Amino acid sequence: QVQLVESGGGLVQAGGSLRLSCAASGRTFGRYAMGWFRQAPGKEREFVAAISWSGGSRYYGTSVKRRFTISRDNAKITVYLHMNSLKPEDTAVYYCAAGDHITSGMNDYDYWGQGTQVTVSP
């Protein structure tokens, strides 16, 4: 079992930056690939980024490439999402998730956090 708790969301102006954190419980954290997804009001949940258990592989959604960076610290059992050059369209609830393989597929993740709100003002 893995429990995930996101933090770091908030209100930021367009062009600003935020760092989201996802703290995990459980000694098996290092075995899991981790992903970030987001969901805006009235829209489907969207893939943002994913990182392999070792950190050696990273995937990004098209809309966030070259602006967002995913990283992890297995010693701190935490995964991060560094978000730069934020846009109003980045406004959403951001969720972290854990799964067996690095993938952009939402259904491939077994554990989910409760989400943290990110709001980007124009």
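This one's a predicted model, so the numbers in the text were calculated from it and none came from an experiment. Start at 1 with the first residue, then count along the sequence.
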K.L.:
Heavy atoms only: give me the nearest A14-P88 pair and the separation to one decimal.
P.N.:
CB-CD, 4.1 Å
K.L.:
Shared ILVMFWY cluster between I102 and Y95, side chains joined below 4.5 angstrom?
P.N.:
yes
K.L.:
Answer whether the closest heavy-atom distance between the side chains of M83 and L20 falls below 4.5 Å.
P.N.:
yes
K.L.:
Check for me, please, whether V120 and V64 land in the same ILVMFWY cluster - side-chain distances under 4.5 Å, paths through other members count.
P.N.:
yes
K.L.:
So, taking the atom named CZ in R72 and the one named SG in C96, what distance separates them when rounded to the nearest 0.5 Å?
P.N.:
11.0 Å
K.L.:
Rounded to the nearest 0.5 Å, how far apart are CZ of R38 and OG1 of T91?
P.N.:
9.0 Å
K.L.:
Which atom names give the shortest non-hydrogen contact between A23 and T78, and what distance separates them?
P.N.:
CA-OG1, 4.1 Å
K.L.:
Any chain of hydrophobic side-chain contacts (each under 4.5 Å) joining L4 to Y109?
P.N.:
no
K.L.:
Do you reckon L18 sits in the same ILVMFWY cluster as I51, going by side-chain contacts under 4.5 Å, direct or chained?
P.N.:
yes
K.L.:
So how far is it from D90 CG to S63 OG, rounded to the nearest 0.5 Å?
P.N.:
7.0 Å
K.L.:
Less than 4.5 Å apart, side chain to side chain, heavy atoms only: is that true for Q1 and Y111?
P.N.:
yes
K.L.:
As an exercise, state the distance from CZ of R58 to OG of S52, rounded to the nearest 0.5 Å.
P.N.:
8.5 Å
K.L.:
Measure the spacing between CD of Q114 and OG of S7 and express it to the nearest 0.5 Å.
P.N.:
13.5 Å
K.L.:
Using side-chain heavy atoms (C-beta onward) and a distance below 4.5 Å, is E44 in contact with M106?
P.N.:
no
K.L.:
Would you kindly confirm whether V2 and Y94 end up in one hydrophobic cluster when ILVMFWY residues are joined by side chain heavy atoms under 4.5 Å apart?
P.N.:
yes
K.L.:
Quick one: are F37 and V93 in side-chain contact, heavy atoms under 4.5 Å?
P.N.:
no
K.L.:
Please check if atom CD in E89 has more than 12 non-hydrogen atoms from other residues, nucleotides or ligands closer than 6.0 Å.
P.N.:
yes
K.L.:
Is there a side-chain contact between Y60 and V48, using heavy atoms and a 4.5 Å cut-off?
P.N.:
no
K.L.:
Within a reach of under 6.0 Å around CH2 of W112, are more than 12 heavy atoms found that belong to other residues, nucleotides or ligands?
P.N.:
yes
K.L.:
Without swapping roles, check the side chain of S25 against the backbone of Q3 for a donor-acceptor pair under 3.5 Å.
P.N.:
yes
K.L.:
Closest approach of S17 and S85, non-hydrogen atoms and distance?
P.N.:
OG-N, 4.4 Å
K.L.:
Under 6.0 Å between ring centres, would you say that holds for Y59 and F47?
P.N.:
no
K.L.:
Return yes when atom CD of Q117 has more than 12 non-hydrogen atoms of other residues, nucleotides or ligands closer than 6.0 Å, and no otherwise.
P.N.:
yes
K.L.:
Hey, does the side chain of N74 reach the backbone of W53 with a donor-acceptor pair shorter than 3.5 angstrom?
P.N.:
yes
K.L.:
Measuring from F68:CZ to N84:CG, what's the distance to the nearest 0.5 Å?
P.N.:
8.5 Å
